[in-house]
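Nothing fancy with the numbering, it's 1 onward along the sequence.
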Amino acid sequence: MNQKEISELRRRWGYEKNAVSRIYGCFVNGSKEIVSNLDESLGAMSQEEAEKYLGLLKKALSGRLGKNLIDIAFSTKQVMEGDEHRLLCALRQSALKDGEARNTFYQNVVNSLDMGDSSYLLLLACDAYDVPRRGRDDALVSDASEEVFSYILCCVCPVKPGKPELGYFPGDNEFHYTTGQVVSAPEMGFLFPAFDDRAANIHNALFYSRKPNEIHQEFIDAVFHTDPPMSAAEQREAFEGALAGALEDTYSVEVVQAIQERLTDQIARHKESKDPEPLTLAVDDIGNILRDCDIPEERINVFQESCGEQFGAGAALNPANLIDTGKFELKTAQASISVAPEDSYLLETRIIDGRKYILIPAEEAVEVNGQSVRLMTDGAGERI
């Protein structure tokens, strides 16, 4: 799936835009017990309540592709005979009306999911999208549908104690101090099947994780029974480990700067282009950056072999998962220097009188603990 397809589905989860008839789910306590089942008509709810449920489910389609939203691919064997895939298809084909299939799904999640001692609400909904055709100008033609895309959306929401408050109880005609329980934003969820090329692809699903570094692999295994993808943090750690292990003493600040600048520039240009397809990078592209830094070819080969072992041969990497796009930071035992990624070129390393230094220009205003200060100058008027 690409970003445009995800956005197209997200727009359906407004109160008057979807074809959801019922909301299903279950409330699970900290002891992994199903306390209650949810089977409610969306039309029988107040608009405020319905919008809350739809808003929670919609969050399972939020975030960045390759980071919060991860492609799940089923093998051909799983599609033909896998129990997990068969269950997902049964849920979809019955529009979640198959109570036995729902209960089996609930138990699979409850028995595997590790939420610590937290209670959670598992939500399910089924939507049928009458997919409009796109005209020559790429605009949607609402009265020219090509097919109906039927899909299920699931999310897992922690339930946390609310703030204690004094509340009025009409039955007792009294005020009492009470604490309610509040449903939080989803920690994870998924869409099945994938909406690829604006059509159903039963060979894929889209998994959502609110925290890219905590993707709950036990949930993925229970629901999809596929090899869990590497999280964004794992990808970055593997990438940095491959660089450090292969380059050894040639792994310098300048090499890191070159990689950071090149990838940051690619990410910025991709964002400006508004290309709905996710930005990907081949290991060979990093190899070319290393060549520009005059890294010996044999070390580049070692790096590429290490990446092949970590990510798989011919892997397409997401640049945003390989670097910190928010800052460029250097640390020593005594200090740290942090600059915006696009300003990383300002940092220099030099040896002065036999000692190593990290330098940064200071032509503009300088602050110390929030106070504006001036740099001292020597007798010739040069700053020191």
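- Atom NZ of Lys67 has more than 12 neighbouring heavy atoms from other residues, nucleotides or ligands inside a 6.0 Å radius.
- Side-chain N or O atoms of Gln181 include none that pairs as donor or acceptor with a backbone N or O of Val159 at under 3.5 Å.
- The shortest distance between side-chain heavy atoms of Leu279 and Pro319 falls below 4.5 Å.
- Placement of Val339 and Leu359 in two distinct hydrophobic clusters is found when ILVMFWY residues are connected by side-chain heavy-atom separations under 4.5 Å, directly or transitively.
- With values rounded to the nearest 0.5 angstrom, Glu298 atom CD is found 8.5 Å from Ile300 atom CD1.
- Side-chain atoms of His270 come within 3.5 Å of backbone atoms of Glu277 as a donor-acceptor pair (strictly under, hydrogens ignored).
- In this structure, Asp249 places its CG atom where more than 12 heavy-atom neighbours from other residues, nucleotides or ligands lie under 6.0 Å away.
- Without hydrogens or angle criteria, Glu84 side chain to Thr226 main chain gives no donor-acceptor distance under 3.5 Å.
- Using the six-membered ring where Trp is involved, Phe219 and Phe207 have ring planes that are tilted, between 30° and 60° apart.
- Residues Asp127 and Trp13 meet the side-chain proximity criterion, which asks for heavy atoms closer than 4.5 Å.
- In this structure, His216 and Val156 have side chains that are not in contact, with every pair of non-hydrogen atoms separated by 4.5 Å or more.
- In the hydrophobic cluster analysis, where Ile, Leu, Val, Met, Phe, Trp and Tyr join through side-chain heavy atoms closer than 4.5 angstrom, Leu57 is grouped together with Leu9.
- When only modelled atom types and interatomic distance are considered, Glu261 and Gln257 share no side-chain donor-acceptor pair under 3.5 Å.
- Between Gly189 and Ala60, the closest heavy-atom pair is CA-CB, 4.4 Å.
- Panel note: side chain Asp285, backbone Ala282; a donor-acceptor pair is recorded below 3.5 Å.
- Remark: of the listed residues Ile286, Leu281, Asp292, Asp292 is the sole one forming a side-chain contact (heavy atoms from CB on, under 4.5 Å) with Arg262.
- No donor-acceptor pair under 3.5 Å is formed between the side chain of Asp284 and the backbone N or O of Gly287.
- Atom CD of Glu342 is surrounded by more than 12 heavy atoms from other residues, nucleotides or ligands within 6.0 Å.
- In summary, the side chains of Tyr129 and Glu8 do present a donor paired with an acceptor at a separation below 3.5 Å, with no hydrogens or angles considered.
- Cluster annotation: Val131 and Ile202 are assigned to distinct hydrophobic clusters (Ile/Leu/Val/Met/Phe/Trp/Tyr, side-chain heavy-atom contacts under 4.5 Å, transitive).
- In this structure a side-chain-to-backbone donor-acceptor pair under 3.5 Å is present from Glu5 to Asn2.
- Atom CD of Glu100 has 12 or fewer neighbouring heavy atoms from other residues, nucleotides or ligands inside a 6.0 Å radius.
- Two residues are said to be in side-chain contact when any heavy atoms from C-beta on lie closer than 4.5 Å; Asp39 and Arg22 meet this criterion.
- Between Glu48 and Lys52 the shortest side-chain heavy-atom distance does not fall below 4.5 Å.
- In this structure a side-chain-to-backbone donor-acceptor pair under 3.5 Å is present from Asn111 to Gln107.
- Separating the CG atom in Asn321 from the OG atom in Ser231 is a distance of 8.5 Å, to the nearest 0.5 Å.
- Gln260 places no side-chain N or O within donor-acceptor distance of the main-chain N or O of Ser344, the cut-off being under 3.5 Å.
- Val109 and Leu91 end up in the same hydrophobic cluster when Ile, Leu, Val, Met, Phe, Trp and Tyr side chains are linked at under 4.5 Å.
- Within the 3.5 Å criterion, the main-chain N or O of Val148 finds no donor-acceptor partner in the side chain of Asp130.
- Between Tyr106 and Asn37 there is a side-chain heavy-atom pair separated by less than 4.5 Å.
- Using the six-membered ring where Trp is involved, Phe74 and His85 have ring planes that are perpendicular, over 60° apart on the 30 and 60° scheme.
- In this structure, the ring of Tyr151 has its center no less than 6.0 angstrom from the ring center of Phe195.
- Within a 6.0 Å sphere centred on NZ of Lys32, heavy atoms belonging to other residues, nucleotides or ligands number more than 12.
- Side chain of Ser31 to main chain of Glu33: no donor-acceptor pair is present (N/O by atom type, distance under 3.5 Å, no hydrogens or angles).
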